[in-house]
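In what follows, a single structure is set out as structure tokens and then discussed.
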Amino acid sequence: MIKTEKVLHLKSSRGRKVRVVREHYLREHVPCYSSLCQAQCANAEGKVLSGEVTHYVMPDAGVARDFMEILEFREIQGIVFTQTACQAVQHSRGRRQYNRLRSLLKDPRHHCILFANEFQEYSYCPREKGEPQDKWQTRCVYHAAVWYHDHLAGLKPVVMITEDQTAVAEYSSLNCGVYVLCTQEYLQTFWPELQAALELYCSIAQSLQEKGSEGTEREYTEHLPAEVLEAGIKSGRYIQGTLNVNKHRAQHEAFVRFEGSSNKSSELNSDVLVCGGKNRNRAVHGDMVAVELLPKGEWRGRTTALTEGQGEEKGDETQSQPMATGRVVGILQRNWRDYVVTFPPKEETQSQSRNSQRILATPWDQRIPKIRISTQQADKLQDHRVIVRLDSWDSTSLYPNGHSVRVLGRAGELETEVQTILIENCIHVPPFSEAQLGEMPVSSPESPWSVDPAEVITRRDLRQTHLVFSVDPRGCEDVDDTLSIRSLPPGPRGERLELGVHIADVTHFVKEGSLTDLEARARATTYYLADRRYDMLPAVLSADLCSLLGGVDRYAMSVMWDLDAQTLAVNKVWYGRTLIQSSYQLYYELAQALLNGEEAEVPELAQLPPGERDAKLAQLTQALETLTHVARQLRAQRDKGGALELEGVEVRAQLDEDRNITALVPRQPLEVHETVAECMIYANHWVARKIQESFPQQALLRHHPPPRQEFFNQLQDSARARGFTIDTRSNKALADSLDRAVDPRDPLVNRLLRVMATMAMSNALYFSTGACPVDQYYHYGLALDRYTHFTSPIRRYADMIVHRLLTAAIAMEKGAGPAKALASNKELEEVAQQINNKNRAAQHAQKVSTELFQCLYFRDKDPETDERCVADAVIYTIRANGMLVFIPQYGLKGAVYLKNREGQVVSERQDGGCDWQTGSLQRYLDHITTTTAAGTSTFNLFQHITVRISVQPSRCHSDTIRLEVVSNRPHQAPETQVQTSQPQGARGRSQLVQEVVRQAEEASQQAEEKRGRASKLSTEEREFRQSKCPNLYSLLEEVRELALLDLAACGAGGGGLGAAAQACATSA
Ligand SMILES: [Zn+2]
């Protein structure tokens, strides 16, 4: 080893230049991490570059610094990052960018490695006297490229890419097999089909070029340096928190929710209001900022009234009490993501700036400021949606600077809008890569998958001993869970039963750390949109090998309880891997028919001779009956503890066991739903107990914190209006009083009250046991002290983690250490947060996609003449200037305004119809009245009215649904409405989705024919679409989530009930 000295010129965080001398050690052996290595490098512990590429590419420091986004394309393989380039990223782009590079290097899905060229004795070159840093860095990388090429005995050409033209001229002909190209030429030569990369290159290059020509006039106050912020936060002078922009007043109103308990001033128990752009000081929604409070005299109140478009409200109660108000003094962390924008119309681009290449693009997300972009495509892309990234926001610039990344497609088209929703929610669901699919077991008609004899030995074989069956929605493809129940020989304490829950053994097929595992972890969940779904796992698992289909052998993870047949006291619980064969794949209606003793055909028995069939049918019915009996008792036990039955809440919802619960859709009263749900809850609960006992510091559980009492005010007030009392002192009291709040004349009343209760709830969340005190493990909705997710590993990553924990717990019991070290509490908590975030994104995307379909459905209908645009609505909340209504037919919620911009109010005519007239508005607790010359009109809580539905189009944002009162009487549909047991809302919704999809397809077909060529975008997008036809299950799921979604919106709405209600109110 050779010791030398290395001189570094660094910049401190204050911006000062520092000269650092470091000891530098050189070695002869530094791993090359190439599979072509001829020299026995120690490549074992790291990613290794495949030899199956045409060349290796080595970016120099400048390229790594400025064009890393291009190197992030997974298509570009064989990238060698030199230590020189990595250090350049670290020193010039900061920690965040450097971490991004490091995670790229770690991620096995990206074919890139790090070569520590400066430690390699023969490739290191010291900086010469007077040599500029960038020249030296480029020289270093070139030397590294030459060494690398020689080290691999010339088996692979090495291409160095640089933006330095003189370097290209100087080096390109020096060594055979080592090429030097500029980035653009490289992309054009080697990746001509990767058009997106080239476009991104041009976009970034242009943005870099423009950066030099900025003005000098200061628009904003400078941010304080990091050390000053840190000290200020410590001393309590500044408050640290995440900036939340109020979507409805994006220019004016933002809140900082402070995090941690560092704050000293006791009056600050709420958010800090930040008014206006100057005070926001270039902070973007989602950034972690430091704020300084303004003097109390300058404090302001938050806006509470609903707004339609621009704030037209000037009357009373537009502002609440003054609250802590501050200004942003510095940014602790930027949390910028990809944003979808729309370019300005032609007229504006021309008048916008002297330089016609610069435009101000409007983000789809109203909370994000306009972004300045340099582009030559402004005219061409006028009606398109484009992804952009932010680069910088200097104090001299009124708007942030960014560059475009990719064109999504024409605005208003279904595929463009769906992709927009995914991007805006940071949902990345590319098709599964070849490499990932290569990890999958083979199962095809030619070579069917079969059970491995080695596995049979290690698993408990239930195929002969247990009657296993599943109950799911009709047509379900991915069967996660199956059940069994049988009598055991009587024990010393009497009769015994054995209940079994058998879940797909997904983690047998998906090894921890494999590509499939990493992808599943990144996705965290299967995403359900209104018309499609994006799976967490490849179809060979989710629809085949891990689907517990009838009549085939499958691996399972089982929990089996030995129960006292009378009391259901647990004698023993067995957890472990099993081999099962499900005998019956039942659907809910069929199972219920069997239980009811009705005539029903079980497909599995159809071919049997009558005698045998009757015997088997009797056996199956007996099993279902016992199961029902057990579930009833289990449910009764939880009810005693205060389990809630809320519309759309976690209890049913997130578990999905009760697959028919929807926010507002009449429920099919099938007890078998409850039965299956109860068994799954039981399994989740016992697995939670098991893994928590085994790993008290590092098990993944799920808790549901009790709600804050003040969130129940609206529920209590509304219930009182109908003469009901809601007791919210405990979950038990709440559940009981909700059960009593039934209006026999209108079942919607109870349902709406349950929705309001749901909206008052917090979300259930995953956590690591070591990160939360034991008394907070409680699940409020389920009334259980321990809970987790175990029963749906096909579509939830949390369940996969839990399966691995359970496997480790079982191994530990047998005295074996876990095969792989478990994640630490800190790591697990990070994953838990990641999954929580992804779940929130999934719910939000689902909600927005539903709204998209609603808008697309109504877009082409004339609200004045089309009777589908007129519907019955129920008032569920009274507001200052109107009310919130629910439309059962379309599962739609929204605001109805009773006062318009001109100051007119809605007035009822003699015939029940409504007009706009000059008048006034009076709001009461349970009703709202308008008074005009013609008289007084009253709108009561829970009253049915008739509304007209129309679409408010928007060029840059999503379209929105508008509702207006047609009459304050219930809607009389033209044809007689038949009340059936069918879930009407779901049916209406599914028709709506189908119709929109059909229209979109016809439109795109027509467009294709017109253009005479295939639409590039739609074929590309079609690949992304993993399943198209929604089954009933996913539709119900979606409707059911809506209540929860509002809750999520409340969480992000700036805190407090006022903002929460506002977010909910205007979301529809
Ligand atoms: Zn080597």
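All ligand and atom numbering here is 1-based and tracks the order in the structure. Just so you know, these numbers use all the heavy atoms, side chains as well, and skip hydrogens, waters and symmetry mates. Predicted, not measured: the structure shown is a model, and the values here were computed from it.
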Worksheet item: Is the closest basic N to carboxylate O distance between R139 and E131 below 4.0 Å?
Response: yes

Discussion item. Regarding E434 and R74, does a basic nitrogen lie under 4.0 Å from an acidic carboxylate oxygen?
Written reply: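 Looking at E434 and R74, the cut-off is not met.
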
Worksheet item: Parallel, tilted or perpendicular for Y555 and W449, by the 30°/60° rule?
Response: perpendicular

Practice prompt. Would you kindly check if the NZ (Lys) or CZ (Arg) of R521 is within the cone defined by 45 degrees around the ring axis of Y797 and under 6.0 Å from the six-membered ring centre?
Written response: no

Practice prompt. Give, for atom OG of S34 and atom CD1 of I113, the distance between the pair rounded to the nearest 0.5 Å.
Written response: 7.5 Å

Discussion item. In this structure, is the centre-to-centre distance between the rings of F115 and Y33 below 6.0 Å?
Written reply: no

Practice prompt. Enumerate the protein N/O/S atoms at a distance below 2.8 Å from the Zn ion (ligand 1), ignoring waters.
Written response: C32 SG, C37 SG, C41 SG, H151 NE2

